[in-house]
Visitor: 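What follows is a structure written as structure tokens; I'll ask about it next.
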Amino acid sequence: SEPARRLRQYPHEFSGGMRQRVVIALALCGSPRLLIADEPTTALDAWTQVQIIALLKRLCRERGMAVMLITHDMGVVSAVADRTAVMYAGRVVECGATKEIIESPRHPYTRGLMAAVPKIGMRTERLAQIDGAMLAPSARGDFCGFHPRCSFAFAACSAKAPPIVTAGERSVACWLE
């Protein structure tokens with residue numbers, strides 16, 4: 001609203017949602033065929049998140065543009081993405097159709113992410129969490145980076161990185177596949 005007034009304002013005078021829209025507008029000035037959006041809805045209220053997601057979807061339709069969305073919010077992923085690549089410690093651990101990944105996660109990390117999403121109508125004392133901490137970049141090697149936090153880990157996991165196994169449109173990097 002009031003674009004003439006907004007042009008004279010400083011960034012700190014805008015809401016978080018307004019600043020997100022400005023950054024998206026700047027990114028779109030060059031009419032890219034691919035927009036890389038890194039956490040475009042982080043720290044926004046639910047209504048503003050819905051508006052930003054709707055804006056990105058509309059721009060994709062109108063401009064024939066693709067969006068690579070980088071986020072930890074599986075709710076945003078389910079609302080926006082056709083395909084999803086789940087990464088852990090800088091490596092893709094699962095990739096495929098978003099609906100399949102959300103409904104039937106196969107990698108232990110993806111399962112942990114999905115278990116941590118609260119379910120409507122479900123009452124619980126505490127949300128699920130993935131125990132432990134990510135390895136420091138200096139401690140990462142040619143092994144499964146998730147193995148210290150994985151309840152299914154066994155000797156091979158700490159010895160060598162699992163290959164990416166592809167079945168149809170779905171890929172998973174886990175020794176259990």
Visitor: Minimum heavy-atom separation for Glu94 and His107, please, with both atom names.
Guide: OE1-N, 2.9 Å

Visitor: Which heavy-atom pair separates Thr48 from Gly17 by the least distance, and what is that distance?
Guide: CG2-CA, 3.4 Å

Visitor: Once salt bridge (Lys or Arg N to Asp or Glu O under 4.0 Å) is applied, do any residues pair with Arg8, and if so which ones, sequence neighbours excluded?
Guide: none

Visitor: For Met68, does the CE atom sit with more than 12 other heavy atoms under 6.0 Å from it, leaving out its own atoms?
Guide: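 Check fails, neighbour count at 12 or below.
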
Visitor: Nearest 0.5 Å, what's the CZ-CE distance between Arg6 and Met18?
Guide: 3.0 Å

Visitor: Run through the side-chain heavy atoms of Ile, Leu, Val, Met, Phe, Trp and Tyr, join any pair under 4.5 Å, and report what else lands in Val22's cluster.
Guide: Leu26

Visitor: State which residues pass side chain to side chain donor-acceptor pair (under 3.5 Å) with Gln20; sequence neighbours excluded, sorted by chain then number.
Guide: none

Visitor: How many angstroms lie between atom CG of Leu34 and atom SG of Cys60, to the nearest 0.5 angstrom?
Guide: 9.5 Å

Visitor: Is Met87 isolated, or which residues cluster with it under the ILVMFWY side-chain rule of less than 4.5 Å, directly or via members?
Guide: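 Noted: Met87 shares its cluster with Val92.
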
Visitor: Which atom names give the shortest non-hydrogen contact between Arg149 and Gly132, and what distance separates them?
Guide: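 Taking Arg149 first and Gly132 second, the nearest heavy atoms are NH2-O, 3.3 Å.
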
Visitor: Just to verify, what does Ser78 make a side chain to side chain donor-acceptor pair (under 3.5 Å) with, not counting sequence neighbours?
Guide: none

Visitor: Does the side chain of Val93 reach to within under 4.5 Å of the side chain of Cys174, using non-hydrogen atoms?
Guide: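 With C-beta onward as the side chain, the pair stays apart.
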
Visitor: Enter the distance from Ser171:OG to Arg106:CZ here, rounded to the nearest 0.5 Å.
Guide: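 Spacing of OG (Ser171) from CZ (Arg106) equals 8.5 Å.
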
Visitor: Sequence neighbours left out, what passes side chain to side chain donor-acceptor pair (under 3.5 Å) with Arg111? Give chain and number order.
Guide: none

Visitor: Ile53 and Val77: same hydrophobic cluster, using ILVMFWY side-chain contacts below 4.5 Å?
Guide: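 Shared cluster, no.
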
Visitor: Per the side chain to side chain donor-acceptor pair (under 3.5 Å) rule, what does the pair list look like for residues 57-75, sequence neighbours excluded?
Guide: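 For residues 57-75: Glu39-Thr71, Glu39-His72, Arg58-Glu62.
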
Visitor: Restricting to non-hydrogen atoms, name the atom on Ala128 and the atom on Ala116 that form the minimum distance, rounded to 0.1 Å.
Guide: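 Scanning both residues completely, I find the closest heavy atoms to be O-CB, 3.5 Å.
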
Visitor: Using links of under 4.5 Å between side-chain heavy atoms of ILVMFWY residues, direct or through other members, which residues join Val165 in one cluster?
Guide: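 Val165 shares its hydrophobic cluster with no other residue.
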
Visitor: Measure the shortest side-chain to side-chain distance between Met114 and Ile101 over non-hydrogen atoms and say whether it is less than 4.5 angstrom.
Guide: no

Visitor: Any chance you could pull the hydrophobic cluster mates of Phe143, using side-chain heavy atoms under 4.5 angstrom and chaining through other members?
Guide: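 Members besides Phe143, by chain and number: Leu135.
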
Visitor: Over 60° means perpendicular and under 30° means parallel, so classify the ring planes of Tyr88 and Phe146, tilted if in between.
Guide: perpendicular

Visitor: Linking I/L/V/M/F/W/Y whenever their side-chain heavy atoms sit closer than 4.5 Å, directly or via other members, would Ile24 and Leu44 fall into one cluster?
Guide: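 Yes, same cluster.
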
Visitor: Do you know the tightest heavy-atom contact between Pro40 and Ile52?
Guide: O-CG2, 4.1 Å

Visitor: Test of understanding: clusters of I, L, V, M, F, W, Y form through side-chain heavy atoms closer than 4.5 Å, transitively. Do Ile36 and Val80 belong to the same one?
Guide: no

Visitor: Once ring pair (Phe, Tyr, Trp, His ring centres under 6.0 Å) is applied, what residue pairs with a partner in residues 40-65 remain, sequence neighbours excluded?
Guide: none

Visitor: Quick check: does any side chain N or O of Thr98 sit under 3.5 Å from a backbone N or O of Asp82, one acting as donor and the other as acceptor?
Guide: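 Yes, Thr98 side chain to Asp82 backbone: donor-acceptor pair under 3.5 Å.
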
Visitor: Minimum heavy-atom separation for Val172 to Glu177, with atom names?
Guide: CG1-CG, 3.5 Å

Visitor: Look at the side-chain heavy atoms of Ile, Leu, Val, Met, Phe, Trp and Tyr, link any pair under 4.5 Å apart, and say whether Leu56 and Val23 land in one connected group.
Guide: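 Not linked; separate clusters.
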
Visitor: Given 3.5 Å as the limit, does a donor-acceptor pair link the side chain of Thr110 with the main chain of Pro105, or not?
Guide: no

Visitor: Among residues two or more places apart or on two chains, list those pairs meeting salt bridge (Lys or Arg N to Asp or Glu O under 4.0 Å) that have a residue in residues 9-32.
Guide: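 Sorted result for residues 9-32: empty, none.
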
Visitor: Within this structure, what is the CZ-CZ distance for the pair Arg91 and Arg140, rounded to the nearest 0.5 Å?
Guide: 9.0 Å

Visitor: Applying ring pair (Phe, Tyr, Trp, His ring centres under 6.0 Å), which residue pairs with at least one partner in residues 155-177 are found, sequence neighbours left out?
Guide: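 Checked against ring pair (Phe, Tyr, Trp, His ring centres under 6.0 Å) - neighbours excluded - no pair reaches residues 155-177.
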
